[in-house]
Amino acid sequence: MTAHSIEPYDFRAIETRWRDTWRKGGYFHVDTKARENTFYYLNMFPYPSGYLHVGHGRNYIIGDVLTRFYRMRGYHILNPMGWDAFGLPAENAAIDRGIHPREWTVKNIAHAKEQFRAWGIEYDWDREISTCDPDYYRWTQWLFLELYKKGLAYRKLATVNYCPQCKTVLANEQVVGGACERCGTPPEPKTLEQWFFKITEYADRLLDDLAKLESWPESVKKMQENWIGKSEGAEVVFKTEKGDDLVVFTTRPDTLWGATFMVLAPEHALVDKLATKEQKAEVAAYRDRAIRTSDIDRLSTERDKTGVFTGAYAVNPANNERIPIWIADYVLMSYGTGAIMAVPAHDERDFAFALRYGLPILPVIERLDRRARAFVPSSAVGGDFEKVARADELSIESVAGGFVIDCAWDNVNRAVRLIQTALEPNGWASVVGTRFAFIFHDAVIAHDSAAADREIVARCALLTGATFNARTAMEILTKIPAYEGLLFHAGVGTMQHSGRFSGTRGDQAKDIVTAWLEKGQKGKKAITYRLHDWLISRQRYWGAPIPIINCKKCGEVPVPEKDLPVLLPDVAFIGKMGLADIPGYADTTCPKCGGKAKRDTDTMDTFVDSSWYYLRFINPHDARRAFVRDDVDHWLPVNQYVGGVEHAILHLLYSRFVTKALFDMGHVGFEEPFARLFTQGMVCHTAYKCPEHGWLYPKEVADGNRCPHCQKPLENPYFSMSKSKKNVVDPSEIIDRVGADTERLYTLFMGPPDRDIEWSEEGIRGSFRFLNRVWALVVEATPRLAPRTAAADPATLDADGAALWRRVHRTVRKVSEDIQDRFSFNTAVSAIMELTNDLGRYLEREDADPALLREAVDTLILILSPICPFLGEELWRRVGHEGSPLEVGWPRYRVDALAADTIEIPVQINGKLRAKVAVPAEVAADAEALKAAALADPEVKAKLEGVELLKAIAVPNKMVSLVVKAP
RNA sequence: GCGAGGGUGGCGGAAUUGGCAGACGCGCUAGCCUUAGGAGCUAGUGCCUUCGGGCGUGCGGGUUCGAGUCCCGCCCUUCGCACCA
């Protein structure tokens, strides 16, 4: 570059100049009546919580780049923006500041819009919506009523977290570490009538239709699948001795013969009835403790399983064994039937519980490997036992305290006979694995029933004497180190010890047992989901009121559609209140009978607001309808939806549910709301933590990474940006120092968009430097450009020129594909950088071709303009054009410009790169010609001197691989 | 524990279909320029080297003319779910 000083890149002036140009030009207004070339791009709308940091910016910058790109490609692109404006943080902030949540929300929205403007991020602002606006929540209420009419909204008693200090109900997310997030008091369970949406009715469709979502990330689909948590199995009816039916759900009906006890959730309805007089007090105490602790502190995953015997018994329908009924908090009332049959031999939790409480553990499923192992204490047999076993070709090994014999399933019996023969009269041994048995000198007792278990324990106790203290056969076995890992397995295998079902193959066992249960009316095939109905009631102020009226005479009456919206009462906000606390709000008249009635005082979960907003954007101002069917049917499903992975489950699942419900009601003609989903990674940044003073702002931190208060060395963990960790970067500071274009460029360049990335000051500087180079280069080139209609003629270019010309076209193709098909903005940016580098080198030539310069410079500006729109506008005018790059259209590439005349082909000899040959393109494309050219190359010839060529492989346009043998 | 990602120079990352590993950027080194700046320009920059070459994409095997990429077995790490019967 020449040394004379040129005009500097004045990003402040440039960004100020073009800041409103797109809005004024109406470039992003779209007519939703359009039916051709339409594209619905949607970013998840934000919660207006103060201000957006550079991490939030990533999401919207990606959207803005894509929108500008599609716009240049001639699409009618719909890219709207709105505000998920209801919710708890607004109430909390309002409480702290003594203002109304609406005031706080409105202020934040205004500030966020100003941030978008500074970022150069444009939307069709005529479509702005805010969920706290009556014109919006009126239709949220309409949605509620539609679901209600369909029987998909209903009310039932449910337990919520109630904070006795704040005197209010807490949402789950307000309970942090088992305490109220505001005051730290542990919440109490409280049972209230609550509204639910019957999402479970759609569980199967929500699960099955995931397969149709081909352009969703696999991880998100998997998360939804896990969340829905479908398990297939059977319900089995156990009769209690008092005559009640106790229904359990199991995924392993084939293990029924191994069910040696039952466990109920402490809250189970039958607990009171079942508990015997002697056990009642203990049961009640355990249950009360469980109810209090269950939801509060689940964090200790590895806590011991506890439980209490109810005193009652049930009958195992498979073998009529009498089995005890326990209660334990490891069984959850919220899953299945709240009761289980415990099969301790094949369920890890049941195994631990049974060992702890001395309940029998009976193996009923064979191990897949069908191996067995016997342990023979040395005191139980004579001195020549080892020799005898060897003579019988058994694999015997001497271990501490005795011998271990490993057998395959077909020689277990032989080993057992041998051991029995060798036993002293008071000795005993055991075998586990494919066969479980205890061996005595006068009998071999299979460990296959509770009675056998008792007999084994009694015999062992007798033989062992006072030191014996095991309660079950399994407990004896767990004390033998050689058996570690062999006593328990949860695999599917052949049934054993299961009466006439013994020997049933594992792959058929479940079906065969289920069929038998159904035939004998002892149970049936059943499916259980982890997914629960969606609790939408919030006892809060800042949300959409539930449009239901309770009349003493008529009962539950929906508010007639003509009376919507049910407005939030416009009262001074006093904090910590729900609608129930507002005098007069609930008083109304019954729409049916006209008598006195009460309004429902719950508001809706904000996920209801966001479960349908993507529909409202199509006709945001329609006063008569939530949306227009014909229009939404055209524009939806959303072509591209982009947001944070933190919404992978709830928001996306609720939206899918609502769409399916609306489809069933005939309101929309599609079953899935979002055709393509992309989840962007988070932006991380170093945080500073003092062990004593907590999180510190970077600017507080003194030199040497020490705490300014106590001089202690600080920890520097690396976290996604969050206010609480004080590691956010404010975009206004970046924009002020290097400009929005630099921030946009850096945000895209720093890494693949689906991965978490670290914000770095050095990276910002590099991006800023690049834009300065682009600026200088274009300013430098401007007087040397051919007129703006000129295009380069490749025939007249020299080698350097032709190379640049090819680079221009290759770059257009790469950037187009990277943006549109691959969502790979970082590589698109690096391609633009490479073009800039080449252009800079070419520009150093005095005789640079003016038409080529024109083509290269124009192209560079155009493909950079979606990423750096301010600079794009400025430079486009500078090089002599009128209007915005947005009006020009995305540049096209020439296919004939993609390939060079001469291609350099690497040559490998025995897998190692040994030479490169330059060949004409038509030679490189032909395997035989390419092979010949490589072999004729002097360098290759020299390397082949004196060796024998065994094989030559030529891959057209790629490489030549030679296999040789040294003499 | 279950599920899904990820592991490549000093750092962020690239390699799209099994075909030249390290594009692009940061940092660093040397030089130039300069009324000195956290500026700009030029060159270099994976490691080792006896200057022939050798080694190199978490580790160990395998397939192949050829493996960052495919297969088998491990290790580490991030995220999500987690007593789900």
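Each chain gets a letter, A, B and so on, in the order its sequence line appears, and its residues count up from 1.
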Q: Please assess A:Phe770 against A:Cys868 for the test side-chain contact (heavy atoms from CB on, under 4.5 Å), listing each intermediate value before the final yes or no.
A: CA-CA 12 Å; A:Phe770 170 70; A:Cys868 303; over 6 Å; no

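In this structure, A:Glu834 reaches the sugar-phosphate backbone alone: every heavy-atom distance under 4.0 Å involves primed, P, OP1 or OP2 atoms, never a base. A:Val963 comes within 4.0 angstrom of the backbone, heavy atoms only, and of no base. At a threshold of 4.0 angstrom between heavy atoms, the contacts of A:Met750 are confined to the sugar-phosphate backbone, with no base atom among them. Residue contacts shown for A:Pro752 are limited to sugar-phosphate atoms, with no base heavy atom under 4.0 Å away. The residue A:Gly763 sits apart from the nucleic acid: no heavy atom pair falls under 4.0 Å. Among the heavy atoms of the strands, none lies under 4.0 Å from A:Val263. Within 4.0 Å (heavy atoms only), A:Asn837 reaches sugar-phosphate atoms of the nucleic acid but no base atom. Within the 4.0 angstrom heavy-atom criterion, no nucleotide atom of any strand lies near A:Arg737. Residue-level contact check: A:Asn826 touches the backbone only, with heavy atoms under 4.0 Å from sugar-phosphate atoms and none from bases.
Taking atom C1' on both B:rG58 and B:rG54, the two are 22 Å apart, rounded to the nearest angstrom. Atom name C1', nucleotides B:rU63 and B:rC70: the rounded distance is 8 Å, in whole Å. With P as the reference atom, B:rG80 and B:rA14 are 23 Å apart, rounded to whole Å. Remark: the separation of the P atoms in B:rU57 and B:rA21 is 12 Å, to the nearest Å.
Paired runs in RNA chain B that reach 3 or more consecutive Watson-Crick or G-U pairs, where each pair keeps both distances under 3.5 Å, cover B:1-7 with B:75-81, B:10-12 with B:24-26, B:27-32 with B:40-45, B:46-48 with B:53-55, B:58-62 with B:70-74.
The residue from A:Tyr330, A:Tyr286, A:Tyr357 that alone fulfils the side-chain hydrogen bond (donor to acceptor under 3.5 Å, both in side chains) condition with A:Thr306 is A:Tyr286.
A:His268 places none of its side-chain heavy atoms less than 4.5 Å from the side chain of A:Ile327. Within the 4.5 Å cutoff, the side chain of A:Val54 has no heavy atoms near those of the A:Tyr746 side chain. Between A:Thr310 and A:Trp326 the shortest side-chain heavy-atom distance does not fall below 4.5 Å.
Residue A:Met959 places its side chain closer to B:rG19 than to any other of B:rC83, B:rG19, B:rA85. Distance from the side chain of A:Lys814 is smallest to B:rU16 among B:rU16, B:rG3, B:rC41. Taking the side chain of A:Gln908 as heavy atoms from C-beta on, and the options B:rU16, B:rU42, B:rG66, the nearest nucleotide is B:rG66. When the nucleotides B:rG19, B:rG6, B:rG3 are ranked by their closest atom to the side chain of A:Ser961, B:rG19 comes out on top. Looking at the side chain of A:Lys912, the nearest of the listed nucleotides B:rG19, B:rG54, B:rC24 is B:rG54. For A:Ser830, taking side-chain heavy atoms from C-beta onward, the closest of the listed nucleotides B:rA23, B:rG25, B:rG3 is B:rA23. Here the side chain of A:Val955 is nearest to one of B:rU42, B:rG19, B:rA4, namely B:rG19. Side-chain proximity of A:Glu762 to B:rG6, B:rC65, B:rG27: nearest is B:rG27. Taking every side-chain heavy atom of A:Val331 into account, B:rA85 is the closest of B:rU42, B:rA85, B:rG54. When the nucleotides B:rG19, B:rG13, B:rA4 are ranked by their closest atom to the side chain of A:Lys958, B:rG19 comes out on top.
Rounded to a whole Å, the OH atom of A:Tyr330 is 19 Å from the P atom of B:rA82. Between the CH2 atom of A:Trp216 and the P atom of B:rG80 there is a distance of 19 Å, given to the nearest Å. One interatomic measurement links the two molecules: CG of A:Leu771 to C1' of B:rG25, which rounds to 13 Å at whole-angstrom precision. Nucleotide B:rA85 holds its C1' atom 12 Å from the NZ atom of A:Lys510, rounded to whole Å.
In terms of position along RNA chain B, the nucleotide closest to A:Ile905 lies nearer the 5' end than the nucleotide closest to the other residue of the pair A:Leu962 and A:Ile905. The residue among A:Ser824 and A:Lys943 whose nearest nucleotide of RNA chain B is located toward the 5' end is A:Ser824.
Note on A:Thr528: every side-chain N or O is 4.0 Å or more away from OP1 and OP2 of B:rA85. A sub-4.0 Å separation between OP1 or OP2 of B:rG27 and a side-chain N or O of A:Arg765 is present. Contact check, A:Arg822 against B:rA15: a side-chain N or O comes under 4.0 Å of OP1 or OP2. Residue A:Lys305 has no polar side-chain atom (N or O) positioned under 4.0 Å from OP1 or OP2 of B:rC83. Applying the 4.0 Å criterion to OP1 and OP2 of B:rG40, one finds that A:Arg773 has every side-chain N and O outside that range. Look at A:Arg769 and you'll find a side-chain N or O under 4.0 angstrom from OP1 or OP2 of B:rC26.
The backbone N or O of A:Val247 sits less than 3.5 Å from a side-chain atom of A:Thr337, completing a donor-acceptor pair.
If you check distances only, the side chain of A:Lys916 does reach the base of B:rC20 with a donor-acceptor pair under 3.5 Å.
A:Phe353 has its ring centre less than 6.0 Å from the ring centre of A:Phe261.
Salt bridge status for A:Glu733 with A:Arg737: present, with a side-chain N to carboxylate O gap under 4.0 Å. Salt-bridge annotation for A:Asp204 and A:Lys230: present, with a side-chain N of the basic residue lying under 4.0 Å from a carboxylate O of the acidic one.
Ring geometry for A:Phe11 against A:Phe768 counts as perpendicular: the plane angle is over 60°, on a 0 to 90° scale with 30° as the lower cut.
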